[in-house]
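Throughout, a chain's letter reflects where its sequence line sits, starting with A, and its residues are numbered from 1.
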There are 2 protein chains.
Amino acid sequence: MNRELLKGHSELIILAALAQRPMHGYSLSEHIKSQVPETFKFGVGMIYPLLHRLEQKNLIRGVWQGPGGMRRRVYSLTARGKKALAAKRDEWQTFQSMMTNVAIPTR
Amino acid sequence: MNRELLKGHSELIILAALAQRPMHGYSLSEHIKSQVPETFKFGVGMIYPLLHRLEQKNLIRGVWQGPGGMRRRVYSLTARGKKALAAKRDEWQTFQSMMTNVAIPTR
DNA sequence: TCTCAATATATCGCATAACGATATATGAAC
DNA sequence: GTTCATATATCGTTATGCGATATATTGAGA
């Protein structure tokens with residue numbers, strides 16, 4: 001399976017997942033693995049840079065859980081993140097219908 | 001609009017267009033421009049590397065038009081290209097439904 | 001108690017490819 | 001004969017997917 005298919009779409013996946021409930025990186029990875037086909041699953045090594053990127057863009061915010069137990073950073077959507085999610089959903093719909101129109105002939 | 005969205009999907013667009021009728025690079029570019037939204041249109045500079053790539057993979061084959069007139073290379077699908085197109089269409093359907101499931105909540 | 005697997009985060013490096021910019025040449029129209 | 005559309009080609013930048021690797025903690029079981 002082409003590994004470039006996800007390019008540019010992964011942020012939408014993360015934001016949509018975090019909109020359901022706040023999660024930390026590892027549980028997010030498990031969550032996504034459970035609901036997308038094998039070929040599309042994110043490696044853990046992909047999740048953290050993505051989360052850092054989204055936090056830098058102020059679309060999500062993470063807080064360290066503590067003080068007891070293993071350190072984990074739980075992320076949730078910011079106000080900007082919610083708007084971005086809506087925008088990315090629209091963007092996906094546009095892209096999706098364009099691709100389907102172009103690639104799949106109407107019979 | 002995110003410029004990474006197309007990653008990995010552009011070959012499908014080209015193959016699907018050439019399945020309709022053989023074209024050379026420039027007309028292909030015009031063809032695609034006419035049927036996809038502004039934000040997704042391919043610059044001409046994108047078309048030729050793509051065509052070279054597809055020809056190297058033996059999915060399309062180009063023949064120089066001649067001898068009179070401006071030089072132009074007309075591309076059409078090979079047998080392998082037709083199979084690849086079918087595979088990429090399936091791949092798109094899988095990707096498409098996965099993304100929609102994950103990104104757009106069912107109400 | 002010792003070990004191992006699962007949990008949890010982080011970062012490095014490679015490969016791929018979108019995409020704008022730029023170069024070059026021909027043909028047609030004015 | 002100058003300008004615009006046609007036609008192909010390539011370079012450099014940038015983004016990012018993704019595997020590999022490193023490190024630390026916790027809990028279960030032998």
Side-chain angles (χ1 to χ4, degrees), chain A residues 1-14 22-34 36-57 60 62-75 88 91 95 98-99, chain B residues 1-15 22-34 36-57 59-60 62-75 88 91 95 98-99:
Chain A
M1 179 83 64
N2 191 334
R3 288 149 178 195
E4 298 289 326
L5 295 187
L6 265 180
K7 275 269 162 87
H9 302 283
S10 55
E11 293 191 358
L12 171 52
I13 294 176
I14 303 288
M23 276 178 273
H24 60 276
Y26 190 83
S27 64
L28 191 51
S29 165
E30 295 297 304
H31 174 78
I32 292 173
K33 252 193 257 187
S34 76
V36 310
E38 185 77 12
T39 39
F40 291 121
K41 73 160 178 259
F42 290 30
V44 265
M46 254 182 81
I47 291 281
Y48 297 102
L50 251 167
L51 289 171
H52 298 336
R53 203 164 84 212
L54 289 169
E55 190 165 26
Q56 271 197 324
K57 289 187 194 172
I60 63 178
V63 288
W64 286 108
Q65 202 113 99
M70 208 182 292
R71 71 182 197 143
R72 47 166 71 166
R73 193 166 172 81
V74 175
Y75 292 93
K88 278 172 190 296
E91 200 176 73
F95 181 75
M98 179 278 282
M99 277 297 296
Chain B
M1 180 83 64
N2 191 333
R3 289 151 179 191
E4 299 288 326
L5 296 187
L6 263 180
K7 276 270 163 85
H9 302 284
S10 55
E11 294 191 358
L12 171 52
I13 294 176
I14 303 288
L15 292 178
M23 276 177 273
H24 59 277
Y26 189 83
S27 65
L28 190 52
S29 164
E30 295 298 304
H31 173 80
I32 292 173
K33 252 192 258 186
S34 76
V36 309
E38 184 77 12
T39 40
F40 291 121
K41 74 160 178 258
F42 290 31
V44 264
M46 256 182 80
I47 290 283
Y48 296 103
L50 251 167
L51 289 172
H52 298 338
R53 203 164 84 212
L54 289 169
E55 190 166 25
Q56 272 196 321
K57 290 189 197 173
L59 303 185
I60 62 178
V63 286
W64 286 108
Q65 202 112 98
M70 207 183 294
R71 74 183 194 138
R72 48 166 71 165
R73 193 166 173 82
V74 176
Y75 292 93
K88 277 171 191 294
E91 200 176 72
F95 180 76
M98 178 277 282
M99 276 298 296

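Taking the six-membered ring where tryptophan is involved, the planes of B/Phe95 and A/His9 are perpendicular, since the angle between them exceeds 60° and thus also 30°.
For the pair B/Leu50 CG and C/dT16 P, the interatomic distance rounds to 14 Å; values are reported in whole Å. In this structure, NZ of B/Lys33 is placed 11 Å from C1' of D/dA5, rounded to the nearest angstrom. One interatomic measurement links the two molecules: NE2 of B/His9 to P of D/dG17, which rounds to 11 Å at whole-angstrom precision. As a whole-Å value, the separation of B/Glu11 CD from C/dC19 P is 14 Å. Distance B/Leu12 CG to C/dA17 P: 14 Å, rounded to the nearest Å. B/Phe95 places its CZ atom 10 Å from the P atom of D/dG17, with the value rounded to the nearest Å. The distance from atom CE of A/Met23 to atom P of C/dT9 is 12 Å, rounded to the nearest whole Å. Regarding B/Arg71, its CZ atom lies at a distance of 14 Å from the P atom of C/dT24, rounded to whole Å.
Taking NE2 of B/His31 as the start and CD1 of B/Ile13 as the end, the distance is 10.0 Å to the nearest 0.5 Å. Between atom CE of residue B/Met46 and atom CD1 of residue B/Ile32 there is a gap of 8.5 Å, rounded to the nearest 0.5 Å.
Between B/Arg73 and A/Pro49, the residue whose closest nucleotide on DNA chain D is further toward the 5' end is B/Arg73. Nearer the 5' end of DNA chain C, as judged by each residue's closest nucleotide, is the contact made by A/Tyr75, out of A/Tyr75 and B/Val44. Along DNA chain D, the nucleotide nearest to B/Glu30 and the one nearest to B/Gly45 differ in position, and the one closer to the 5' end is contacted by B/Glu30.
The phosphate of C/dA18 has OP1 or OP2 within less than 4.0 Å of a side-chain N or O from B/Arg53. One finds no side-chain N or O of A/Tyr26 lying less than 4.0 angstrom from the OP1 or OP2 phosphate oxygen of C/dT9. Regarding contacts with the backbone of C/dA10, every side-chain N or O of A/Tyr48 stays at 4.0 angstrom or more from both OP1 and OP2. Between A/Ser10 and D/dT16 there is no side-chain N or O to OP1 or OP2 distance below 4.0 Å.
Candidate nucleotides C/dT9, D/dG17, D/dA9 were compared by shortest atom distance to the side chain of A/Trp64, and C/dT9 ranks first. Among the nucleotides C/dT9, D/dT10, D/dT6, the one closest to the side chain of B/Met70 is D/dT6. Side chain of B/His52, nearest nucleotide from C/dT9, C/dA18, D/dT10: D/dT10.
Residues A/Met99 and B/Val36 fail the side-chain proximity criterion, which asks for heavy atoms closer than 4.5 Å. In this structure, B/Ile14 and B/Phe42 have side chains that are in contact, with non-hydrogen atoms separated by less than 4.5 Å. Within the 4.5 Å cutoff, no side-chain heavy atoms of B/His24 are placed close to those of B/Met70. Counting only heavy atoms from C-beta outward, the side chains of B/Met23 and B/Glu30 never approach each other to under 4.5 Å. At least one side-chain heavy atom of A/Glu11 sits under 4.5 Å from a side-chain heavy atom of A/Leu50.
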Protein and nucleotides 28-30 of chain C: nitrogen or oxygen contacts under 3.5 angstrom:
none

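As judged by a 4.0 angstrom heavy-atom cut-off over every strand, B/Gly25 is placed among residues touching the sugar-phosphate backbone only.
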